[in-house]
Amino acid sequence: MNEQQRKEMDQVRQRDPENNLERIKEKSSDDFMKYFETTYQPPNMRDAQRRRKQDVDVHYDFHIPEEMQGVGEDRKYLIRTYGCQMNEHDTEVMAGIFEAMGYESTNVATEADVILLNTCAIRENAENKVFGEIGHLKSLKRENPDLILGVCGCMAQEEGVVNRILKKHPFMDMIFGTHNIHKVPELLKEAMFSKEMVVDVWSKEGDIIENLPRSRKGKIKAWVNVMYGCDKFCTYCIVPYTRGKERSRLPEDIIQEVRHLAAQGYKEVTLLGQNVNAYGKDLDIGYGLGDLMDDLHKIDIPRVRFTTSHPRDFDDRLIEVLAKGGNMLDHIHLPVQSGSSDVLKIMGRKYSREDYLELVRKIREAMPNATLTTDIIVGFPNETEAQFQETLSLVEEVGFEAAYTFIFSPRENTPAAKMRDKVPMDEKKERLQRLNALINKQSKETMELYEGEIVHVLVEGESKNNAEVLAGYTKRNKLVNFVGPDSAIGQIVPVKITKAKTWSLDGEMVETTTGVKE
Ligand code: SAM
Ligand code: SF4
């Protein structure tokens, strides 16, 4: 940072609380409405749905602008993350960018110079949590006017949310969308010097930015983006609007990243995408997720997972590669959403109950011991009791070992949110309970099969609930808590299961590796 920048920064630091309230007043006047009308292009659902295949540029030239290098010296950042692994990983990238600017991370809000909320829009309660948090941040801002506050992630891509923040929370300094995280240094600079709230949201596409720094959480497991966005437009889902169109990273960039992680000693990678099975379609090079997994199969890293799969694009090539074993795991998370073909049709899932069961049959034929888990929505508009019963029977028929279950949450401007719905909320809640009881029962039953068996556990650290024991996951994603030495952390070790619970297994570390049940 040069002398001039330092002076400018100091001016920013010296704003007093009174001035800051001025700033708030200023932005809550009619001025900001004018600003909003001229500067901000809201996400447009119709445009998003009309998007076509367009060239996606891949950039390898990310760098921290000169004037922002060293800006973070003696300063701290805090990022609160809501939602899925994709958001967790975006946070790792933003953390990497902050650290490249010299910032240090903190978990203490009162110590932070910048606080970002990396948000999730998938259901209403996720959004409510964020608005609650924004409310709390106002008092911090009064105490420390130089504190920079930002909202990013999926909520920032929603027109209604951006309007609400502009109108009701004008003390926020910046809002930026999911495609813009590489612009953090520029946005931060603008927020530091501007009196206006900085809004940078794209409604449609984004390019792919390689070579972004990352500050990964831990040295054992790593997330790797394989693609961004989603073009499926399920009628209930906000993701295609908040994450933009499907864009795949080039195979060589992904393979290089995984090789690099393997060389650094990581034991597991999870390939990330909203619909990973569509990987490669936009590249038009005849290379899909199966081909990518086949290339990763040859890399010396013990475990490769991927999430999330869409049944429609899950092809035979992928099944063939997964069946090769090795670092390919036969745990497949395959969201079904409903067991009723009629509901699936209105959801726009583009497969029927029969199609899904046929896919499960093929998977089981190739991988007889495959563990299947899923996502299910109950109480989709006008779901009948008979249709819900079809979901229960599908859960039994497939034998899901775990599931993320949700009550339908209307998301603004999605087709399903406009459907008139006759099912009362109490009934939806009651269906969710019945579904969860069945899933719990199935989970417990499969866990019990492990009692007395030896499994391989990738040890992540101390158990969250009991520092006396270690915790980790099996290849099939079963959580195991066990007694063992600290030296096992980061290793894959054999553990004998002594007790099965509904969602986890208890055990003790053993020497032998013979007779291991994966
Ligand atoms: N792409 C994945 C797929 O197609 O299954 C899912 C990604 S989404 C982030 C995770 C899950 O959230 C979905 O599988 C669905 O079950 C749930 N979900 C999405 N929109 C929802 C809504 N409006 N209400 C309730 N649950 C929803
Ligand atoms: Fe949402 Fe998944 Fe459907 Fe895409 S495929 S619209 S992310 S539920």
Side-chain angles (χ1 to χ4, degrees), residues 45 48-49 51 81-90 118-128 153-155 157-158 178 223 225-247 270-279 281-282 289 306-314 332-339 343-351 355-356 359 372-381 383 391 394-395 400 402-419 421 423 425 428-429 431-432 435-436 439:
M45 304 297 169
Q49 269 168 318
R51 65 196 173 206
T81 314
Y82 302 81
C84 65
Q85 292 106 324
M86 188 74 79
N87 270 15
E88 295 273 356
H89 188 46
D90 283 351
N118 187 8
T119 60
C120 170
I122 201 85
R123 282 170 292 278
E124 196 182 357
N125 57 1
E127 294 200 358
N128 291 342
C154 288
M155 277 172 71
Q157 296 283 138
E158 287 183 279
T178 51
W223 288 303
N225 284 120
V226 295
M227 61 183 301
Y228 303 95
C230 179
D231 285 345
K232 281 281 181 278
F233 291 102
C234 301
T235 54
Y236 50 83
C237 186
I238 193 83
V239 170
Y241 314 103
T242 61
R243 289 271 170 188
K245 73 171 187 150
E246 286 175 358
R247 287 106 63 210
T270 302
L271 309 184
L272 288 183
Q274 292 301 341
N275 171 16
V276 281
N277 305 82
Y279 173 74
K281 283 185 166 183
D282 56 312
L289 185 67
F306 57 93
T307 197
T308 298
S309 283
H310 189 293
R312 163 100 179 181
D313 295 324
F314 207 109
I332 298 170
H333 187 69
L334 193 60
V336 65
Q337 313 300 356
S338 168
V343 174
L344 288 170
K345 192 160 188 204
I346 311 171
M347 285 178 163
R349 293 290 286 181
K350 301 185 180 76
Y351 56 84
D355 295 335
Y356 188 91
L359 176 59
L372 289 170
T373 57
T374 197
D375 292 354
I376 295 171
I377 297 176
V378 300
F380 189 76
E383 178 193 59
T391 297
L394 183 108
V395 167
F400 291 119
Y404 294 108
T405 56
F406 312 101
I407 291 180
F408 166 73
S409 170
R411 307 315 297 131
E412 204 180 342
N413 286 331
T414 58
K418 294 174 196 150
M419 296 174 192
D421 186 4
V423 189
M425 184 47 89
K428 295 186 184 209
K429 287 186 180 161
R431 284 181 195 168
L432 183 71
L435 174 63
N436 286 344
I439 304 271

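Counting starts at 1 for both ligands and their atoms, following the listed order.
Of the possible polar contacts, none joining the Y351 side chain to the D313 backbone as a donor-acceptor pair under 3.5 Å is found. A donor-acceptor pair is defined here as one N or O able to donate and one able to accept, closer than 3.5 Å; no such pair exists between the side chain of E124 and the backbone of S409. Remark: side-chain polar atoms of S338 are not paired, donor with acceptor, to backbone N or O of V343 under 3.5 angstrom.
When only interatomic distances are considered, the shortest N/O to N/O separation between R123 and ligand 1 falls below 3.5 Å. The distance criterion of under 3.5 Å between nitrogen or oxygen atoms is met by R349 with respect to ligand 1. For N275, no nitrogen or oxygen atom sits less than 3.5 Å from a nitrogen or oxygen atom of ligand 1, counting backbone and side chain alike.
Checking C230 against atom 4 (Fe) of ligand 2, an N/O/S atom falls under the 2.8 Å cut-off. Metal site remark for atom 1 (Fe) of ligand 2: C234 contributes no N, O or S atom at a distance under 2.8 Å.
More than 12 heavy atoms of other residues, nucleotides or ligands shown are found within 6.0 angstrom of NZ on K418.
Listed by atom number, the atoms of ligand 1 under 4.0 Å from P335 heavy atoms are 5 (O). Within ligand 2, counting atoms from 1 as listed, the ones closer than 4.0 Å to a heavy atom of F233 are 6 (S). Shown in contact with F408 at under 4.0 Å from a heavy atom are these atoms of ligand 1, numbered in order with element: 24 (N), 25 (C). Counting atoms of ligand 2 from 1 in the listed order, those under 4.0 Å from a heavy atom of K232 are 4 (Fe), 5 (S). Atom numbering of ligand 1 starts at 1 in the shown order; those under 4.0 Å from a heavy atom of R411 are 23 (N). Residue P240 approaches ligand 2 through these ligand atoms, each under 4.0 Å from one of its heavy atoms: 6 (S). Close contacts of ligand 2 with H310, meaning ligand atoms under 4.0 Å from a residue heavy atom, involve 5 (S). Proximity to V239 (heavy-atom distance under 4.0 Å) selects the following atoms of ligand 2: 7 (S).
Taking only non-hydrogen atoms, the option from M347, Q337, Q274, H333 nearest to atom 1 (N) of ligand 1 is Q274. Of the listed options D375, L334, V336, D375 places a heavy atom closest to atom 10 (C) of ligand 1.
Using 4.0 Å as the threshold, I238 has no heavy atom nearer than that to any atom of ligand 1. Not a single heavy atom of R243 sits closer than 4.0 Å to an atom of ligand 2.
The distance from the OH atom of Y228 to the CG atom of D282 is 12.0 Å, given to the nearest 0.5 Å. With rounding to the nearest 0.5 angstrom, the CG atom of D231 is 14.5 Å from the CZ atom of R243. One distance of note links CE of M86 with CG of N118; it measures 11.5 Å at 0.5 Å rounding.
Side chains of R411 and E158 form a contact here, defined as non-hydrogen atoms less than 4.5 Å apart. With contacts defined as side-chain heavy-atom distances shorter than 4.5 Å, the pair I238/E412 does not qualify.
At a heavy-atom cutoff of 4.0 Å, ligand 2 is contacted by no atom of P335, backbone or side chain. Contacts with ligand 1 closer than 4.0 Å are made by side-chain heavy atoms of F406 only, the backbone lying farther away.
Between the side chains of T81 and N87, not a single donor N or O lies within less than 3.5 Å of an accepting N or O. A donor-acceptor contact closer than 3.5 angstrom is absent between the side chains of Y236 and R123.
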Subject >> side-chain contact (heavy atoms from CB on, under 4.5 Å) between V378 and T405, worked out >> reply: CA-CA 7 Å; V378 300; T405 56; 5.9 Å; no
Subject >> D355/R349 under salt bridge (charged side-chain N to carboxylate O under 4.0 Å, His left out): CA gap, chis, key distance, verdict >> reply: CA-CA 11 Å; D355 295 335; R349 293 290 286 181; over 6 Å; no
Original post:
Yes or no on side-chain contact (heavy atoms from CB on, under 4.5 Å) for L344 and Y356, after CA distance, side-chain angles and deciding distance?
Top reply: CA-CA 11 Å; L344 288 170; Y356 188 91; 5.8 Å; no
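Nearest protein neighbour of atom 1 (Fe) of ligand 2, counting heavy atoms only, is C237 SG, 2.3 Å. Nearest protein neighbour of atom 8 (S) of ligand 2, counting heavy atoms only, is Y236 OH, 3.4 Å. When hydrogens are left out, the protein atom nearest atom 22 (C) of ligand 1 is S409 O, 3.6 Å; that is the closest non-hydrogen contact. Summary of contacts: the protein heavy atom closest to atom 9 (C) of ligand 1 is I122 CD1, 3.5 Å. Looking only at protein heavy atoms, the nearest one to atom 20 (N) of ligand 1 is Y236 CD1, 3.3 Å.
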